[in-house]
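The block underneath contains the structure these notes are about, expressed in structure tokens.
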Amino acid sequence: MDLKTHKDVVYSQVAKAIEKAARRPNDVTIVAVTKTVDIQTTAQLIDLGVTDFAENRVDKFLAKHQALKDRPVRWHFIGSLQRRKVKEIINDIDYFHALDSVKLAKEIDKRADHPIKCFLQVNISQEESKHGFLVSEIDQALNEIAALSKIELVGLMTMAPLKASNEEINRIFLTASQLRQTLAQANRKRMPFTELSMGMSNDYPIAIKNGATYVRIGTAFFK
Ligand SMILES: *Cc1c(COP(=O)(O)O)cnc(C)c1O
């Protein structure tokens with residue numbers, strides 16, 4: 001299949017999942033994860049109407065952002081970010097999906113020249129290999145992040161384990177959704193927690209069913 005066909009399939013599958021979940025079409029933003037493709041392919045996706053793009057490596061983000069900065073798209077950074085690299089990208093991204101430590105939040109706060117929309121990454125499955133806060137660590141983290149005026153916590157981001165069953169994925173996404181609601185109800189300053197970043201090529205229908213507002217889709221666009 002060519003790129004346009006892949007893109008059409010992704011968009012129609014997402015629309016179907018939204019309808020099945022009785023949600024509104026605008027509730028879910030498709031973020032195209034272009035980490036495996038070049039600038040030219042990314043530009044083709046922009047021409048096809050894709051509006052949101054994600055990268056997970058600082059060097060690749062910088063190259064694409066530089067080449068495509070005149071195009072009207074939003075940039076998401078979804079990879080774990082080393083503190084020493086924060087200053088290289090933080091003012092050029094629209095959303096940061098991988099806020100996984102208070103130390104990183106402090107560095108972002110120091111380097112940002114405007115409030116940065118961040119997703120708190122949460123490790124629901126408690127996999128050792130995964131980044132993100134354990135649920136039990138969140139309260140303390142929020143108490144510390146509350147002092148940082150350049151951090152805006154728009155939502156939660158989570159990932160299901162690679163080999164989880166659909167049932168297990170469903171359970172993880174439901175837990176994230178409930179946690180997001182609780183955090184939103186707390187109504188803290190600069191912490192609206194209205195958004196939920198979850199769902200990748202293999203599990204985005206389950207994520208949409210459970211309230212995802214941003215799905216991060218890579219492989220399905222290209223294979
Ligand atoms: C690569 C990546 C994705 C996209 O994964 P696919 O399975 O290719 O859709 C989503 N989120 C993060 C954090 C990633 O690193």
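Of all heavy-atom pairs between Asp203 and Ala160, the closest is OD2-CB, 3.9 Å. Nearest heavy atom pair, residue Ala17 against residue Pro205, reads CB-CA, 4.2 Å. Pairing each heavy atom of Gly79 with each of Ala98, the nearest pair is O-CB, 3.3 Å. Across all non-hydrogen atoms, the minimal contact from Asp100 to Gly132 is CB-N, 3.7 Å.
Other residues, nucleotides and ligands contribute over 12 non-hydrogen atoms within 6.0 Å of the CD atom of Glu127. At most 12 heavy atoms of other shown residues, nucleotides or ligands fall within 6.0 angstrom of atom NE2 in His131. Open room surrounds NZ on Lys16; 12 or fewer heavy atoms of other groups in view lie less than 6.0 Å from it.
No hydrogens or angles considered: a donor-acceptor pair under 3.5 Å links the side chains of Gln140 and Glu144.
Distance CG/Asp27 to CD/Glu195: 9.0 Å, rounded to 0.5 Å. Between Ile208 atom CD1 and Leu196 atom CG the span is 11.0 Å, to the nearest 0.5 Å. Interatomic distance, Ile138 CD1 to Asn143 CG, rounded to the nearest 0.5 Å: 12.0 Å. Between Lys106 atom NZ and Lys103 atom NZ the span is 9.0 Å, to the nearest 0.5 Å. If you take CD1 on Ile151 and CZ on Phe96, they are separated by 9.0 Å, rounding to the nearest 0.5 Å. Taking CG of Leu153 as the start and CZ of Phe193 as the end, the distance is 4.5 Å to the nearest 0.5 Å.
Note: the hydrophobic cluster containing Val102 also contains Met191 (ILVMFWY, side chain heavy atoms under 4.5 Å, direct or indirect links). The cluster map of Ile, Leu, Val, Met, Phe, Trp and Tyr, joined by side-chain heavy atoms under 4.5 Å apart, puts Met198 and Phe133 in the same cluster. There is a path of hydrophobic side-chain contacts, each under 4.5 Å, that joins Ile93 to Ile30. Both Leu156 and Ile124 belong to a single network of hydrophobic side chains, linked directly or stepwise wherever heavy atoms of I, L, V, M, F, W or Y lie under 4.5 Å apart.
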(request) Step by step, work out the side chain to side chain contact (heavy atoms under 4.5 Å, CB included) result for Lys64 and Trp75. (result) CA-CA 10 Å; Lys64 286 205 177 85; Trp75 290 99; 4.0 Å; yes
(message) Walk me through whether Gln13 and Tyr204 qualify under side chain to side chain contact (heavy atoms under 4.5 Å, CB included).
(response) CA-CA 9 Å; Gln13 292 295 112; Tyr204 66 83; 3.1 Å; yes
(request) Show your working on side chain to side chain contact (heavy atoms under 4.5 Å, CB included) between Thr158 and Thr175 and close with a plain yes or no. (result) CA-CA 10 Å; Thr158 200; Thr175 302; over 6 Å; no
List the atom pairs, with distances to 0.1 Å, where a side-chain N or O of residues 108-118 and a protein N or O form a donor-acceptor pair under 3.5 Å, not counting sequence neighbours.
{"unit_1": "Asp109", "atom_1": "OD1", "unit_2": "Ser149", "atom_2": "N", "d": "3.2"}
{"unit_1": "Asp109", "atom_1": "OD1", "unit_2": "Lys150", "atom_2": "N", "d": "2.7"}
{"unit_1": "Arg111", "atom_1": "NE", "unit_2": "Glu107", "atom_2": "OE2", "d": "2.8"}

Extract all donor-acceptor atom pairs below 3.5 Å that involve side chains of residues 163-174 and protein atoms in other chains or at least two apart in sequence.
{"unit_1": "Ser165", "atom_1": "OG", "unit_2": "Glu168", "atom_2": "N", "d": "3.1"}
{"unit_1": "Asn170", "atom_1": "OD1", "unit_2": "Lys209", "atom_2": "NZ", "d": "3.0"}
{"unit_1": "Asn170", "atom_1": "OD1", "unit_2": "Asn210", "atom_2": "ND2", "d": "2.9"}

Please set out all donor-acceptor pairs under 3.5 angstrom arising from side-chain atoms of residues 32-52, sequence neighbours excluded.
{"unit_1": "Thr34", "atom_1": "OG1", "unit_2": "Ala54", "atom_2": "O", "d": "3.4"}
{"unit_1": "Thr34", "atom_1": "OG1", "unit_2": "Glu55", "atom_2": "OE2", "d": "2.6"}
{"unit_1": "Asp38", "atom_1": "OD1", "unit_2": "Gln40", "atom_2": "N", "d": "3.4"}
{"unit_1": "Asp38", "atom_1": "OD1", "unit_2": "Thr41", "atom_2": "N", "d": "2.8"}
{"unit_1": "Asp38", "atom_1": "OD1", "unit_2": "Thr41", "atom_2": "OG1", "d": "2.6"}
{"unit_1": "Thr42", "atom_1": "OG1", "unit_2": "Asp38", "atom_2": "O", "d": "2.9"}
{"unit_1": "Asp47", "atom_1": "OD1", "unit_2": "Arg71", "atom_2": "NH2", "d": "2.6"}
{"unit_1": "Asp52", "atom_1": "OD1", "unit_2": "Arg74", "atom_2": "NE", "d": "3.4"}
{"unit_1": "Asp52", "atom_1": "OD1", "unit_2": "Arg74", "atom_2": "NH2", "d": "2.8"}
{"unit_1": "Asp52", "atom_1": "OD2", "unit_2": "Arg74", "atom_2": "NE", "d": "2.8"}
{"unit_1": "Asp52", "atom_1": "OD2", "unit_2": "His76", "atom_2": "NE2", "d": "2.7"}

Output side-chain donor-acceptor pairs under 3.5 Å for residues 215-223, partner residues at least two apart or in another chain, one line each.
{"unit_1": "Arg216", "atom_1": "NH1", "unit_2": "Ser197", "atom_2": "O", "d": "3.0"}
{"unit_1": "Arg216", "atom_1": "NH1", "unit_2": "Ser197", "atom_2": "OG", "d": "2.9"}

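The hydrophobic cluster containing Leu134, built from Ile/Leu/Val/Met/Phe/Trp/Tyr side-chain heavy atoms closer than 4.5 Å, comprises no other residue. Hydrophobic cluster membership for Tyr95: Val31, Phe119, Val154, Met157, Met159, Met200, Tyr214 (Ile, Leu, Val, Met, Phe, Trp, Tyr linked by side-chain heavy atoms under 4.5 Å, directly or transitively).
Residues satisfying the salt bridge (Lys or Arg N to Asp or Glu O under 4.0 Å) criterion with Asp94, sequence neighbours excluded, are absent altogether. Looking at residues two or more places apart in sequence or on another chain, you find a side chain to side chain contact (heavy atoms under 4.5 Å, CB included) between Arg57 and Asp59, Lys60. Under the side chain to side chain donor-acceptor pair (under 3.5 Å) criterion, Arg23 pairs with no residue at all, not counting sequence neighbours. In terms of the side chain to side chain donor-acceptor pair (under 3.5 Å) criterion, residue partners of Thr5 (sequence neighbours excluded) are, by chain and number, Asp2. In this structure Lys69 satisfies the side chain to side chain contact (heavy atoms under 4.5 Å, CB included) test together with His65, Gln66, sequence neighbours excluded. Partners of Arg84 under the salt bridge (Lys or Arg N to Asp or Glu O under 4.0 Å) rule, at least two apart in sequence or in another chain, do not exist in this structure.
With Arg190 contributing its side chain and Ala146 its backbone, the two residues share a donor-acceptor pair below 3.5 Å.
Using a 4.5 Å heavy-atom cutoff, the side chains of Phe61 and Asp92 are in contact. The shortest distance between side-chain heavy atoms of Val135 and Leu179 falls below 4.5 Å.
Of the options Leu120, Val122, Leu81, a side chain to side chain contact (heavy atoms under 4.5 Å, CB included) to Leu99 is made by Leu120 and by none of the others.
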